[in-house]
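Single-structure report; data block below.
Note that ligands are numbered from 1 as they come in the structure, with each ligand's atoms numbered from 1 the same way.
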Amino acid sequence: MDYDIADIGLAGRGALQLEWAAMHMPALKEIEKEFGRSRPFRGKRISALLHVTKETGVLMECLAAGGARIRLGAGNPLSTQDDIAAALVKEGVQVFAWKGESADEYGKCIAKVLDFDPDIIIDDGADLHGLANGGKREVSAVGGTEETTSGIHRIKAMEKDGVLRYPIMAVNNANTKYLFDNRYGTGQSTVDGIIRATNIFVPGKVAVVGGYGWVGRGVAMRLRGIGARVIVTEVDPLKAIEANMDGFDVMPMDEAAKTGDIFVTATGDIDIITERHFKVMKDGAILCNTGHFDVEVDVKALRRIAVKRRRIREHMEEYTLKGGRRLFLLAEGRLVNLGAAEGHPSEVMDLSFCNQALASQYVLDNAGRLENKVYSMPEEIDARIAAIKLRTMGIRIDSLSARQKKYLAQWDF
Ligand code: ADE
């Protein structure tokens, strides 16, 4: 079997992690059971570029139960859990990923993942879709899926430029995805990453969160929850009002840069924290990013203006500036929740990956009927996932009576 990972000897440890994750992903396990019966992916090949975590492992098991043959690569050079990669290889998944890939190795792994003549392409960040639609390769995929906001931006740009060669389901935009994964998942895992990387005490610290989208608001909420005084920076007036009315201070980054102890970028755009901000930051300020790409903190500028650079802890580097102030960068400016911690916990990935599983089935079932466009997840699938998840959480809710339904359909009371 073709694969390239760090150490197959880690498979035993990875298998235990997969078991632990599966216990906390009951909704996906239900879909796996159904796939085991109906085998929707029998004889089909799936190429997937996702963070190689225990949760992704449970998704791979689900797709394999449905009959798929799978090649998997990493969604980011720093996010692979090597024990999971090894356990998945033992289960027959062709994995091309290890933690700490160089840029060149990352590119080679993506190419390997695509060299599989896939029927379905699953992606997180659209690096794989970028290669598949770049025009240089034969691609016979009937459809694809995209996990994250940054990836959706890229595939919408591909659609606009008329280069999309297959339909793509915007998994990120399902209610059962972004309302939970982006907000609560990133909220918790980002704080987890900051604490694992630094072990700092958060109460009383000033935390600056760049961006108040679903990710930013989750991060701001959870940082406040453990005692930080949170400042939000925004470019969107509406989101800025929301942040203000949610009780956060709102100001431009130029001002926040002077007072922050901890900075977290969550915008999906470039140049959020740049040289002019580094120059006014306090000695000891901690910088990290939780957006998909490592473009939000200008790490190149930091390296250029630093007079000294040292690794202090596994996921933390100290940059000393002229005059002696020190700034501490976490996880190289890559997504701190996956670089320094383990990404979102299984319970929340349960929802996201139900969407991935059912989106993959949907593009296959509708092969030939969809245009080469970006599609929202069908409302019925979203509602079904919410219902399964709620049931597996042991939560029961009321339902509308016939009288209530009738009332809601009336206007002439
Ligand atoms: N994205 C964020 N957290 C993740 C996780 N635990 N597994 C896969 N992708 C993720």
Got the closest protein heavy atom to [atom], with its distance?
| atom | answer |
| --- | --- |
| atom 5 (C) of ligand 1 | T53 OG1, 3.6 Å |
| atom 3 (N) of ligand 1 | H344 N, 2.8 Å |
| atom 10 (C) of ligand 1 | M349 CE, 3.6 Å |

>> Whether E317 and R309 form a salt bridge (side-chain N of Lys/Arg under 4.0 Å from carboxylate O of Asp/Glu) is what I want to check.
In response: yes

Would you check the N or O atoms of [X], main chain and side chain alike, for any that come under 3.5 Å of an N or O of ligand 1?
| X | answer |
| --- | --- |
| H51 | no |
| D124 | no |
| N337 | no |

>> Both conditions, 6.0 Å and 45 degrees, for the charged tip of R224 above the ring of F248: are they met here?
In response: yes

> For F180, is the NZ or CZ atom of K177 found under 6.0 angstrom from the centre of its six-membered ring and inside 45 degrees of the ring axis?
Replying inline: no

[X] heavy atoms, cut-off 4.0 Å: which ligand 1 atoms fall inside?
| X | answer |
| --- | --- |
| T56 | 7 (N), 8 (C) |
| L338 | 1 (N), 2 (C) |
| F353 | 8 (C) |

>> Just to verify, which of L329, I272, D271, I270 counts as forming a side-chain contact (heavy atoms from CB on, under 4.5 Å) with V297?
In response: L329

> Only one of V139, I110, L49 forms a side-chain contact (heavy atoms from CB on, under 4.5 Å) with L131, so which one is it?
Replying inline: I110

>> Just verifying a value: how many Å separate K90 NZ and L10 CG, rounded to the nearest 0.5 Å?
In response: 11.0 Å

> Taking non-hydrogen atoms only, is E342 closer than 4.0 angstrom to ligand 1 via side chain, backbone, both or neither?
Replying inline: backbone

> So, does K99 use its side chain to make a donor-acceptor pair with the main chain of G339 at under 3.5 Å?
Replying inline: yes

